[in-house]
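In what follows, a structure is listed as structure tokens, so that the remarks can point back to it.
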Amino acid sequence: MKDDSIHDIVKILRKETKKWNTPIVSLMSQTERDPFKILIATVLSLRTKDEITAKAANKLFQVADNPYDMLKLKEEEIASLIYPVGFYRRKAKNIKEICKVLIEKYNGKVPDEIDELLKLPGVGRKTANLVVTLGYGKPGICVDTHVHRISNRLGYVNTKTPEETEFALREKLPKDYWIEINDLLVSLGQHICHPTSPKCSQCPIEKYCDKRDVKRSR
DNA sequence: AAAACGGGGGC
DNA sequence: GCCCCAGTTTT
């Protein structure tokens with residue numbers, strides 16, 4: 001694709017994604033911007049589907065919606081509350097540890113710096129960027145496998161890892177689109193542009209796409 | 001029955 | 001860089 005096609009692509013996807021189910025990230029951004037909830041919900045969401053994540057997060061937040069209350073829960077209690085999400089055992093452990101660190105090191109608050117967030121267990125670049133952008137409204141680009149795969153498939157970037165994609169997009173992508181690009185491409189990725197056998201004939205931006213295969217999608 | 005799945009960490 | 005993780009939905 002040509003670099004300046006990005007404006008058309010965003011415009012088209014803004015319209016198209018409204019027809020589809022809203023991913024958890026935009027759900028959270030619409031309803032509330034509590035950085036703690038966004039952090040925990042994002043940890044829960046890793047490699048699990050939206051609806052399952054949303055249910056689990058709501059159940060957990062009903063019992064505890066701040067690090068102090070959440071730390072009082074036993075690991076097994078958290079695990080059973082969040083159950084159907086993938087890796088629930090490990091996530092329950094990480095969540096307790098995150099709460100502990102937030103209280104001890106950050107006075108019960110969620111840090112607003114990527115580098116600080118990355119020190120928390122179970123938090124990588126995707127999660128850190130999501131907290132910073134949605135929770136604090138700071139500039140950042142949240143790159144998951146969808147953003148990585150589709151950016152490469154379009155021919156907008158040429159990168160091997162999600163981290164490289166993040167930095168490449170920081171160079172090229174107009175800043176106005178930084179925060180929403182994740183939501184747009186994730187929606188497209190879930191409904192049309194699957195990792196294998198994408199539905200190109202139904203794709204609203206097919207004419208812009210180079211259809212290059214990503215080097216590594218995970 | 002296999003593969004795929006909205007990352008991150010350990011090696 | 002490679003491999004594992006955990007359980008549900010697709011193919």
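First the proteins, then the strands, lettered A, B, ... as listed; each starts at 1. Atom set for the values below is all heavy atoms of this structure, side chains included, hydrogens, waters and symmetry mates excluded.
In terms of position on DNA chain C, the residue among A:H194 and A:R89 whose nearest nucleotide sits closer to the 5' end is A:R89.
Geometric assessment of A:K2 against the ring of A:Y208 yields a negative cation-pi assignment under the 6.0 Å and 45° thresholds. Stacking of A:R90 on the aromatic ring of A:F87 is recorded, both the 6.0 Å distance cut-off and the 45° axial limit being met.
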Dump the intermediate steps for salt bridge (Lys or Arg N to Asp or Glu O under 4.0 Å) on A:D210 and A:R153, then the final yes or no.
-> CA-CA 6 Å; A:D210 290 354; A:R153 191 171 274 171; over 6 Å; no

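Between B:dG7 and A:T127, no contact under 4.0 Å exists linking OP1 or OP2 to a side-chain N or O.
Taking the side chain of A:L46 as heavy atoms from C-beta on, and the options C:dG1, B:dG7, C:dG7, the nearest nucleotide is B:dG7. Nearest nucleotide to the A:K126 side chain, out of B:dA4, B:dG8, C:dA6: B:dG8.
If you check every strand for non-hydrogen atoms under 4.0 Å, A:S197 touches nothing.
For the P atoms, the distance linking C:dT8 with B:dG8 amounts to 22 Å, nearest Å. B:dA1 sits 23 Å from C:dA6 when the P atoms are compared, rounded to a whole Å.
Taking every heavy atom of residues 74-86 of chain A and every atom of DNA chain C, pairs under 4.0 Å involve A:Y83, A:G86, by number.
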Taking Watson-Crick and G-U wobble pairs with both distances under 3.5 Å, convert DNA chain B into its dot-bracket string, 5' to 3', dots for unpaired and | for cross-strand pairs.
-> |||||.|||||

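When atom types are taken as modelled, the side chain of A:N129 and the backbone of A:G140 share no donor-acceptor pair closer than 3.5 angstrom.
At a threshold of 4.5 Å between non-hydrogen side-chain atoms, the residues A:V110 and A:L117 count as touching. With contacts defined as side-chain heavy-atom distances shorter than 4.5 Å, the pair A:P67/A:E104 does not qualify.
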Write out a two-atom table: protein N or O, nucleotide N or O from nucleotides 9-11 of chain B, distance below 3.5 Å.
| residue | atom | partner | partner atom | Å |
| --- | --- | --- | --- | --- |
| B:dG9 | OP1 | A:G122 | N | 2.7 |
| B:dG9 | OP1 | A:V123 | N | 3.4 |

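Here A:K55 does not pair with A:E51 in a salt bridge; the nearest charged N to carboxylate O distance is not below 4.0 Å.
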